2 protein chains.
Amino acid sequence: MAVTIKKIAELCGVSRGTVDRVLNNRGKVKPETEALIRRVAEQLDYKPNIAGKALAARKKSFVIGVIVASEGNPFFDDVLKGIHQAENELHDYGVKIIIKTMKGYDIQRQLKLIEELEGGIHALILNSISDAEIAAKIDELTDKGIPVITLNTDIENSKRLCYVGCDYVKGGETACGMLGLLTGGRAKVGVITGSVKILGHNQRVQGFRNVIKRRYPGIEVVDFAESNDDDIIAFEATKKMLLEHKEIDALFIAAAGAYGVCRAVISLGLENKITIVCFDDVPSTVEMMEKGLIKATICQQPFLQGNKSVHIAYDYLVSGARPHNDQFIVENKIKILENLYQTP
Amino acid sequence: MAVTIKKIAELCGVSRGTVDRVLNNRGKVKPETEALIRRVAEQLDYKPNIAGKALAARKKSFVIGVIVASEGNPFFDDVLKGIHQAENELHDYGVKIIIKTMKGYDIQRQLKLIEELEGGIHALILNSISDAEIAAKIDELTDKGIPVITLNTDIENSKRLCYVGCDYVKGGETACGMLGLLTGGRAKVGVITGSVKILGHNQRVQGFRNVIKRRYPGIEVVDFAESNDDDIIAFEATKKMLLEHKEIDALFIAAAGAYGVCRAVISLGLENKITIVCFDDVPSTVEMMEKGLIKATICQQPFLQGNKSVHIAYDYLVSGARPHNDQFIVENKIKILENLYQTP
DNA sequence: TTGTATGCGTTATCAA
DNA sequence: TTGATAACGCATACAA
């Protein structure tokens with residue numbers, strides 16, 4: 001039979017209340033008794049029963065705040081779906097969610113949204129901007145007892161509880177691996193990134209270059225442009241790039257803007273010449289895959305990211321549990337036309 | 001606040017016990033009261049609280065039997081790991097698991113194993129052979145109140161509770177999609193399947209042909225052989241095939257035996273000529289991917305299959321919950337060298 | 001500093 | 001046929 005608080009209490013000759021105080025660090029226990037209880041719990045490998053915790057937790061109520069830069073970015077549609085489903089799943093357990101959305105990555109705007117939420121939440125899920133001011137704010141919340149979970153974008157040197165998102169470097173490596181296979185290892189590549197200011201985008205490009213160096217000497221990056229995650233800018237930049245570099249026969253799109261890129265390729269009549277690899281499966285990308293323009297896309301489980309971030313926040317609030325290594329890394333999944341539609 | 005049995009009881013002016021009897025079909029309730037309770041529960045959209053159920057269920061104990069054809073088949077290593085982890089996760093809830101393994105697909109042997117278990121289990125997870133005698137046995141168990149979950153291989157026309165595994169047709173389609181991309185849509189393919197008697201293998205080949213017809217007229221299947229999931233037989237068959245058909249420049253391996261196939265290719269010095277696509281990422285396949293022989297493999301989340309099958313059995317025993325559409329379909333994941341190692 | 005009592009939602013037992 | 005009550009493991013308000 002499993003070890004329970006009751007059993008530990010009996011074994012130590014104290015009451016359940018005392019064991020609870022020790023195991024949950026509530027203080028007010030004589031040091032000797034505390035030591036004894038800890039020793040016994042350790043030896044018996046006590047694991048709190050989740051169902052019991054959840055049931056007892058129903059009496060409380062948890063408000064979780066969410067801030068995402070989802071406006072005008074369809075990638076976040078599935079992230080938000082995952083969050084909403086988690087809210088549903090945890091509704092029974094007294095979880096309420098307040099979502100604030102923003103457009104693009106404006107530091108002051110994000111700070112303002114955090115301040116709007118901060119008084120009324122028990123935890124914050126933050127699609128964070130990698131910036132010192134934001135990091136300081138995260139530390140402030142954490143010190144106040146509001147854990148912060150970074151979602152999709154991480155931030156270094158902060159007291160965030162954990163990061164939920166993909167491994168961007170590995171994503172870039174996977175993209176290059178696919179391009180290598182699709183082109184027989186010979187390609188002149190144009191890179192269209194989102195912004196050199198965004199860590200994740202740079203990491204993808206870095207991963208891409210890693211694999212060139214490691215396995216594909218025949219792949220060469222001949223030009224590089226930024227789209228600011230905007231289809232129009234991507235369209236213009238791609239057109240310019242392809243006109244200036246007639247030798248380009250592959251495009252690596254490290255961020256949003258794939259639709260603009262594809263339209264540029266079409267407008268120059270280069271559909272059959274250029275191999276395109278990109279990220280995520282937003283509707284416009286799916287459309288371009290069906291047209292045959294985009295051969296492969298690397299996806300990062302947006303639904304799972306949203307869903308998991310909420311569950312992690314709840315688990316931490318209820319039982320102090322935190323994920324292994326302070327992170328939950330989703331997979332980079334290769335999708336081609338044939339395996340696009342599958343159960344999440 | 002969520003709807004509970006207590007609330008329904010109050011609203012109907014009866015005791016919790018009575019509501020419980022109605023909602024769990026235990027009988028012994030006056031028809032009028034039953035109708036009233038059902039109506040109220042329906043209207044309030046009553047959803048039983050899982051934590052409550054789990055807690056109450058601790059008093060019972062569940063024995064789940066598992067039969068898998070895992071002997072000599074490393075694919076099942078991860079399936080078994082998933083099962084063991086589920087046992088760990090549910091240990092607190094009184095779940096015990098008895099695993100019986102077999103080698104290959106021998107109907108009489110499988111029947112015998114079922115009979116050995118049948119007296120002492122509350123549910124059965126069965127890596128079933130698609131056969132009428134087995135189907136009849138499944139129905140017998142089901143009628144006795146022992147739900148049967150088919151794992152990795154399904155069986156038609158039976159009263160099994162649900163199927164946990166992949167969509168084999170889609171797996172074959174994905175494999176052909178990859179091969180099309182890797183070869184620029186032009187290939188002379190040799191197909192090495194496991195056995196024409198195994199439904200899943202046939203479905204993969206079917207999916208492969210679907211995509212040839214749909215998108216890749218330049219891909220042609222020139223020969224076909226069986227490996228019986230055995231590396232030695234696969235080795236011999238591949239060698240023969242490649243010697244007879246010098247034009248073959250791609251191999252589609254629909255089942256186990258990939259290692260034998262690769263060794264045949266190596267022994268003929270054709271490493272650089274032949275594009276190989278296969279299934280699953282057993283250690284010998286990973287080795288061949290690292291050597292560059294296998295370009296891509298389609299994986300089917302073995303760990304998740306094992307883990308999920310146990311959880312589904314438990315959920316059904318505790319709360320009568322069954323998965324949507326009587327199945328839990330795992331994904332066909334494309335893996336190349338760069339995204340082979342990731343969190344499960 | 002410690003113990004006791006109560007409740008979370010569900011199920012089982014026993015008495016009526 | 002029904003209702004009352006205890007139990008599962010945990011958390012906590014309150015009493016000692």
Side-chain angles (χ1 to χ4, degrees), chain A residues 1-37 41 44-62 90-95 314-315 317-321, chain B residues 1-37 41 44-62 90-95 314-315 317-321:
Chain A
M1 248 300 133
V3 187
T4 68
I5 284 190
K6 189 177 165 188
K7 188 171 290 175
I8 296 177
E10 284 166 7
L11 247 55
C12 295
V14 297
S15 77
R16 282 169 274 196
T18 306
V19 177
D20 174 65
R21 275 186 289 271
V22 171
L23 264 26
N24 292 293
N25 309 304
R26 299 185 217 285
K28 311 193 181 187
V29 179
K30 203 177 1 159
E32 301 97 273
T33 5
E34 164 153 7
L36 172 66
I37 291 171
L44 268 52
D45 191 29
Y46 168 74
K47 295 257 169 40
N49 180 294
I50 325 132
K53 270 189 189 285
L55 216 43
R58 273 197 58 134
K59 286 185 260 187
K60 309 184 210 164
S61 122
F62 302 103
L90 296 175
H91 179 257
D92 270 15
Y93 300 100
V95 172
Y314 173 73
D315 289 347
L317 290 174
V318 168
S319 61
Chain B
M1 248 302 132
V3 187
T4 67
I5 285 191
K6 189 178 165 188
K7 188 171 288 174
I8 296 176
E10 284 165 8
L11 247 55
C12 296
V14 298
S15 76
R16 282 171 275 191
T18 307
V19 178
D20 173 64
R21 275 185 289 269
V22 171
L23 264 25
N24 292 291
N25 311 303
R26 299 186 216 285
K28 313 195 181 187
V29 179
K30 203 174 6 157
E32 302 95 273
T33 3
E34 165 153 5
L36 172 67
I37 290 170
L44 268 52
D45 191 29
Y46 167 75
K47 295 258 166 43
N49 180 295
I50 325 132
K53 269 187 190 286
L55 214 45
R58 274 196 57 130
K59 288 184 259 186
K60 309 186 211 164
S61 123
F62 303 103
L90 296 175
H91 178 257
D92 271 14
Y93 300 100
V95 171
Y314 173 72
D315 289 347
L317 289 174
V318 168
S319 62

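Keep in mind it's a predicted model, so treat the numbers as computed, not measured. Proteins get letters first, then strands, A, B, ... in listed order; numbering begins at 1 in each.
Looking at residues two or more places apart in sequence or on another chain, you find no salt bridge (charged side-chain N to carboxylate O under 4.0 Å, His left out) involving Lys59(A). Not counting sequence neighbours, the partners of Ser15(A) by the side chain to side chain donor-acceptor pair (under 3.5 Å) test are Thr18(A). Judged as a salt bridge (charged side-chain N to carboxylate O under 4.0 Å, His left out), and not counting sequence neighbours, Asp315(B) has no contacts. Remark: Lys47(B) pairs with Asp45(B) by the salt bridge (charged side-chain N to carboxylate O under 4.0 Å, His left out) rule, at least two apart or across chains.
For Gly52(B) and Val14(B), each mapped to the nucleotide of DNA chain D holding its nearest heavy atom, the one lying further toward the 5' end belongs to Val14(B).
Whole-Å rounding puts the Ile8(A) CD1 to dC10(D) C1' distance at 12 Å. dG7(C) atom P lies 14 Å from atom CG of Leu55(A), rounded to whole Å. The distance from atom CZ of Arg21(B) to atom C1' of dT11(C) is 11 Å, rounded to the nearest whole Å. Rounded to a whole Å, the CG atom of Asn49(A) is 5 Å from the C1' atom of dG9(D). For Asp20(B) and dT13(C), the CG to C1' distance is 12 Å, given to the nearest whole Å. Atom pair Ile5(B):CD1 and dA4(D):C1' shows a separation of 15 Å (rounding to whole Å applied). Atom CD1 in Ile50(B) sits about 14 Å away from atom C1' in dC8(C), given to the nearest Å. Rounded to a whole Å, the CD atom of Glu10(A) is 13 Å from the C1' atom of dG9(D).
Dashed line: the shortest gap from a side-chain N or O of Lys60(B) to OP1 or OP2 of dC8(D) is not under 4.0 Å. Remark: Arg58(A) is in phosphate contact with dG9(C), judged by side-chain N or O atoms under 4.0 Å from OP1 or OP2. For the OP1/OP2 pair of dT2(D) and a distance below 4.0 Å, the side-chain nitrogens and oxygens of Ser15(B) include no atom meeting the criterion. OP1 and OP2 of dT2(D) both lie 4.0 Å or more from every side-chain N or O belonging to Thr18(B).
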Can you name the atoms? Protein N/O to nucleotides 5-7 of chain D N/O, anything below 3.5 Å, with the distance.
unit_1	atom_1	unit_2	atom_2	d
dA7(D)	N3	Lys59(B)	NZ	2.9

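Counting only heavy atoms from C-beta outward, the side chains of Val95(A) and Leu317(A) never approach each other to under 4.5 Å. Contact of the Lys30(B) side chain with the Val14(B) side chain is not registered, since no non-hydrogen atoms from C-beta on lie closer than 4.5 Å.
Rounding to the nearest 0.5 angstrom, the gap separating the CD1 atom in Ile37(A) from the SG atom in Cys12(A) is 5.0 Å. Taken to the nearest 0.5 Å, the CD1 atom of Ile5(A) stands 5.0 Å off from the CG atom of Asp20(A).
The stretch residues 24-34 of chain A touches DNA chain C through Lys28(A), Val29(A), Lys30(A), Thr33(A), each having a heavy atom under 4.0 angstrom from the strand.
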> Can Arg58(A) and Asn49(B) be said to form a side chain to side chain contact (heavy atoms under 4.5 Å, CB included), step by step?
Replying inline: CA-CA 11 Å; Arg58(A) 273 197 58 134; Asn49(B) 180 295; 3.1 Å; yes
